[in-house]
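What follows is a single structure, written as structure tokens, with notes after it.
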Protein chains: 2
Amino acid sequence: MDGNKKISIAVIKRLPRYYRYITELLENGIAKVSSQELSRRMNLTASQIRQDLNCFGGFGQQGYGYNVEVLHKEIASILGIPDPFNVIIIGAGNMGQAIAKYENFNKRGFVFTGIFDKNPNVIGQDINGVKVAHIDTLEDFVKENKTDIAVLCIPKENAMEIARRVAALGIHGLWNFSSTDLHNIEEEFGTVVENVHLTDNLMVLGYRISELRKNGKN
Amino acid sequence: MDGNKKISIAVIKRLPRYYRYITELLENGIAKVSSQELSRRMNLTASQIRQDLNCFGGFGQQGYGYNVEVLHKEIASILGIPDPFNVIIIGAGNMGQAIAKYENFNKRGFVFTGIFDKNPNVIGQDINGVKVAHIDTLEDFVKENKTDIAVLCIPKENAMEIARRVAALGIHGLWNFSSTDLHNIEEEFGTVVENVHLTDNLMVLGYRISELRKNGKN
DNA sequence: TAGATTGTTAATCGATTAACAATC
DNA sequence: TAGATTGTTAATCGATTAACAATC
């Protein structure tokens with residue numbers, strides 16, 4: 001009765017990208033798109049696009065293709081954009097501040113509601129309309145303000161402790177920028193964790209450059 | 001004669017994570033580790049660890065396991081850590097500055113050498129020991145200073161133009177933070193591109209939270 | 001109706017896991 | 001030598017691609 005056919009993470013990771021392309025088509029006033037046309041633009045196979053979209057429903061029409069407006073609305077709804085997530089940031093250092101000021105998140109249904117730190121020098125400072133609060137006021141804040149996601153922009157040494165504190169408050173999503181893995185948080189608290197291991201990603205780039213030079217050059 | 005068995009990207013993406021764990025073992029003075037012990041710590045199968053490491057060589061020893069110091073050195077070498085990459089940043093906005101100030105990159109062999117912008121208000125400003133230069137001086141800078149990687153921290157509207165400009169200068173790696181795909185750059189210039197689509201990643205988190213609430217709660 | 005394009009099943013490909021012989 | 005654990009081959013699993021009947 002619940003139709004849970006468990007969609008694979010590979011498909012889910014492609015959704016935001018579909019959303020970007022469909023939004024662009026919509027903004028350019030393009031009314032319909034076929035899987036073939038979209039495959040050309042996105043550099044995917046048409047087959048994969050049809051498979052992916054069909055995980056969520058038959059949004060297309062045989063002989064016609066996909067109505068861009070319909071598809072845009074459907075993907076937005078799948079991604080939960082219609083009702084926004086409230087986001088707090090833990091750590092008002094360089095990365096925390098950069099995220100707080102990043103305007104794109106708003107457009108995608110993420111609302112920045114609070115930022116916390118333990119450093120007295122930044123507490124009270126205004127960042128994108130929100131005052132940095134002391135980390136010890138976190139619990140009170142979350143009790144009074146619906147909070148969906150906490151962004152961890154803190155050194156890895158404190159990451160685990162803060163993650164447990166945040167998860168214990170019933171916050172359902174953790175966006176982890178501290179370069180460490182948050183073991184057992186998902187299992188223990190049922191909190192969802194997404195990691196942004198920037199250094200890891202940069203190292204992959206480094207590896208690929210080395211390969212390129214080894215193979216391409218000589 | 002070149003032993004190019006083409007290592008899959010899935011394996012390469014795990015390398016930095018292996019490196020983190022091995023570094024930790026090394027710092028804790030642990031001399032040896034078996035694939036089983038590592039699998040427990042990293043939450044991977046021992047089989048996968050052995051397969052992965054064997055793509056690059058037989059670093060272990062039957063009946064013993066892996067010598068941590070050896071393994072650390074080998075992975076570092078695979079990732080090109082021994083000889084550093086010079087990195088410039090294009091765009092001195094919030095994200096560009098956060099990256100410029102991020103200390104972890106240094107430890108992993110990435111050296112911040114320049115930062116460029118077109119906004120007169122930030123040009124000349126000192127960021128982590130480097131002065132923001134005008135984007136028009138980019139070409140001269142690269143001619144005089146070996147540059148391996150350019151980080152794009154600019155709005156998506158300018159991303160493609162700047163990417164082509166950077167690639168045309170012979171810079172081999174592009175780390176793209178502008179939320180757009182840099183079509184054809186790899187093919188046309190032979191430049192390696194790694195994308196950090198932060199908003200995409202955040203949207204995946206949003207999706208997973210929605211699923212959690214739908215399935216877990218009722 | 002004829003043409004186009006989806007939705008969906010089947011075939012292929014690649015990545016992960018299991019098993020075990022080699023060997024320290 | 002006996003025990004442990006790798007390196008490596010084979011089996012399994014899952015994701016992508018191809019094919020085509022359904023249908024607009």
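Residue numbering restarts at 1 for every chain, and letters A, B, ... go by the order of the sequence lines.
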Notebook entry, point to check: Mind checking whether Ser179(B) and Asp200(B) have side chains closer than 4.5 Å, heavy atoms only?
Noted result: no
Next item on the list: Would you classify Gln36(B) as touching base, sugar-phosphate or nothing, given that sugar-phosphate means primed atoms plus P, OP1 and OP2, and contacts are heavy atoms under 4.0 Å?
Entry: nothing
Item checked: CA sep, side-chain torsions, deciding dist, call: Leu198(B), Phe177(A), side-chain contact (heavy atoms from CB on, under 4.5 Å) -> CA-CA 11 Å; Leu198(B) 288 181; Phe177(A) 281 75; 3.9 Å; yes
Item checked: Residue pair Glu24(B) / Ile22(B), side-chain heavy-atom distance below 4.5 Å -> no
Notebook entry, point to check: Reading DNA chain D 5' to 3', which nucleotide is the first, and which the last, to come under 4.0 Å of any heavy atom in chain A?
Noted result: dA15(D) to dC24(D)
Margin query: Return whichever of Tyr64(A) or Ile9(A) has its heavy-atom-nearest nucleotide of DNA chain D closer to the 5' end.
Written below: Ile9(A)
If you look only at distance, which donor and acceptor atoms sit under 3.5 Å apart when one is on a side chain in residues 186-194 of chain A and the other is two or more places apart or in another chain?
from: Glu186(A); atom 1: OE1; to: Arg208(B); atom 2: NH2; distance (Å): 3.3
from: Glu186(A); atom 1: OE2; to: Val193(A); atom 2: N; distance (Å): 2.9
from: Glu186(A); atom 1: OE2; to: Arg208(B); atom 2: NH2; distance (Å): 3.3
from: Glu188(A); atom 1: OE1; to: Arg164(A); atom 2: NH2; distance (Å): 2.8
from: Glu188(A); atom 1: OE2; to: Arg164(A); atom 2: NH2; distance (Å): 2.6
from: Thr191(A); atom 1: OG1; to: Ile171(A); atom 2: O; distance (Å): 3.4
from: Glu194(A); atom 1: OE1; to: Asn201(B); atom 2: ND2; distance (Å): 3.0
from: Glu194(A); atom 1: OE2; to: Arg208(B); atom 2: NH1; distance (Å): 2.8

Checklist line | Strand DNA chain C as a dot-bracket string - pairs counted if Watson-Crick or G-U with both distances under 3.5 Å, | where the partner lies in another strand | finding: ..||||||||||||||||||||||
Check: What residue among Arg50(A), Gln51(A), Gln48(A) forms side-chain hydrogen bond (donor to acceptor under 3.5 Å, both in side chains) with Ser35(A)?
Finding: Arg50(A)
Note to self: If you assign each of Gln51(B) and Ala46(B) to its closest nucleotide in DNA chain D, which residue comes earlier from the 5' end?
What the structure shows: Ala46(B)
Notebook entry, point to check: Are side-chain N/O atoms of Asp52(A) and Tyr18(A) paired as donor and acceptor at under 3.5 Å?
Noted result: yes
Next item on the list: Check whether NZ of the Lys or CZ of the Arg Lys32(A) lies under 6.0 Å from the centre of the six-membered ring of Tyr64(A) and within 45 degrees of that ring's axis.
Entry: yes
Margin query: Considering every strand and a 4.0 Å limit on heavy-atom distances, what is the contact class for Ser47(B): base, sugar-phosphate, or nothing?
Written below: base
Notebook entry, point to check: Is it true that Tyr19(B) and His72(B) have ring centroids separated by less than 6.0 Å?
Noted result: yes
